[in-house]
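Below, chains carry the letters A, B, ... as their sequence lines are ordered, and counting in each starts from 1. On a predicted model such as this, the values are computed, not experimentally measured, just so you know. Heavy-atom basis, side chains included; hydrogens, waters and symmetry copies ignored.
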2 protein chains.
Amino acid sequence: MRPSKRDELVEKALLVFYRHGFHATGMDKLVAETGISKTSMYKHFPAKEDLILAALTLRDKQFRRWLFRRMEQLGSTPRGQLIAMFDGLKEWFAQEGFQGCMFMKAAAEYQKFSDPIHMKSADHKSILISYFSDIAQRAGAEDPDSLARRLLLLKEGAIVAAQLRITKNPAMDAKAAAKILLADALGQ
Amino acid sequence: MRPSKRDELVEKALLVFYRHGFHATGMDKLVAETGISKTSMYKHFPAKEDLILAALTLRDKQFRRWLFRRMEQLGSTPRGQLIAMFDGLKEWFAQEGFQGCMFMKAAAEYQKFSDPIHMKSADHKSILISYFSDIAQRAGAEDPDSLARRLLLLKEGAIVAAQLRITKNPAMDAKAAAKILLADALGQ
DNA sequence: CGTTATATTAACCGATCAGTACGCCATTCT
DNA sequence: AGAATGGCGTACTGATCGGTTAATATAACG
């Protein structure tokens, strides 16, 4: 099944938003970069906000699929998978075109908690916590939610550090810290 | 010398940028919110970017002064000060009008590493690391830089979590994690 | 009081913003 | 072949963007 014109638009818009930001990306620029006419865009999405939300939905799906799969590939045990997350992050940070977390940036530009874009960004992170918590429970953590929240802090911090390039290898810093936290939570 | 108009402008601009974002804040809106004429603004700052940089400089000074003082007040030992940072963060998160880290948001809107705004944001975080590292050394850490980087990850992660409200008490999650990392680094 | 320097209002600039109206052109149905 | 349909590019809308210009108002200082 060939990708529909709509999906093609969302995919390309996602890249442009990710690279240049949301407010900084005008619809005209989107037309120029995607080659899709403005009329078509507004036929699929009545407003820019709807297009942004669609892009975030796609990003959420893409990112989770990639991260979860990579964790499974790199880690053989539940504990190993949690630690492998940071190996996955390292790969992500090293990718050309890495520009930080799209949801963080979206929340930074649309700050109101009631804004659908902000809410969507928060949802993405909540889903990650649930996933981490499930694995933490299988790993035998006494308080899997607590461990999941701590690992999320390390992950988000590492992304910030990578985006700003304030440290050389934030993913491995986070990995080292995660090992210590895991040792504590799982009783070695 | 009477309080300069320039400082007044920067202070007010800082608040508006923090609350509404950078691209979303036009110069006309700044005129409306500060009561300062556009001509005066452009006399002090030749471009919007210069005003943003001045606001970030002020924010850097304000935030560091506040955080470092609070750490000294709440912690009596070097180790205690590092942990007290997260008590300080908790207070910050609870403040009305808390909207996340201004430098994160600035870096999110001005993504190019060569952009002065991005560089300024990264500088702020680097200074924090140095400060943490100094304290970590006084606390007797074997590798104070490494410990400082890990604590920064927790701090940045907590700010993200607080901004997005994805967990209830990110500052205390980070504090608990920090205690574990400190116990490991200081061999207690 | 007059001169000078500074701050103000307000209009204005071209460019761009999100969003819309319209006319061209190819396909399809008759 | 001819009419109708629907997708698409173009050009336009009023509003706002960052930034400038000119004339006026205010204050300081001799």
Atom-to-atom span, [atom1] of [X] to [atom2] of [N] - whole angstrom:
X       : N      : atom1 : atom2 : result
B:Lys43 : D:dT21 : NZ    : C1'   : 12 Å
B:Met41 : D:dG19 : CE    : P     : 12 Å
B:Leu51 : D:dG18 : CG    : P     : 11 Å

| In terms of hydrophobic clustering (I, L, V, M, F, W, Y; side-chain heavy atoms under 4.5 Å; direct or indirect links), are B:Met85 and B:Phe98 co-clustered? |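 Hydrophobic grouping puts B:Met85 with B:Phe98.
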| Is a side-chain N or O of B:Thr57 found less than 3.5 angstrom from the main chain of B:Leu53, in a donor-acceptor match? |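 Pair found, side chain donor or acceptor close to backbone of B:Leu53.
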| said: I'd like to check the ring-ring contact (aromatic ring centres under 6.0 Å, His included) partners of B:Tyr42; sequence neighbours left out, ordered by chain and number. | reply: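 Listed in chain order: nothing, the list is empty.
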| query | Which is true for A:Ser40 with a 4.0 Å heavy-atom rule: it touches a base, it touches only sugar-phosphate, or it touches nothing? | reply |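 Result for A:Ser40 = sugar-phosphate.
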| query | How about A:Met71 and A:Leu67: do any of their side-chain heavy atoms sit closer than 4.5 Å? | reply |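 In short, these two side chains touch, coming nearer than 4.5 Å.
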| said: I need a per-nucleotide contact map over nucleotides 13-27 of chain C, read 5' to 3'. Cutoff is protein heavy atoms under 4.0 Å; write B for the base, S for backbone only, - otherwise. | reply: ----SSBBB------
| field | Shortest non-hydrogen separation from A:Gln99 to A:Tyr18 and the atoms involved | value |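 Closest pair (atom of A:Gln99, atom of A:Tyr18, distance): N-OH, 2.6 Å.
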| request: Heavy atoms only: give me the nearest A:Ala141-A:Leu147 pair and the separation to one decimal. | output: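 So the two residues come closest at CB-CD2, 4.0 Å.
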| query | Quick one: is A:Ser37 getting a side-chain N or O under 4.0 Å of the D:dG9 phosphate, OP1 or OP2? | reply |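 Checking A:Ser37 against D:dG9: at least one side-chain N or O falls below 4.0 Å of OP1 or OP2.
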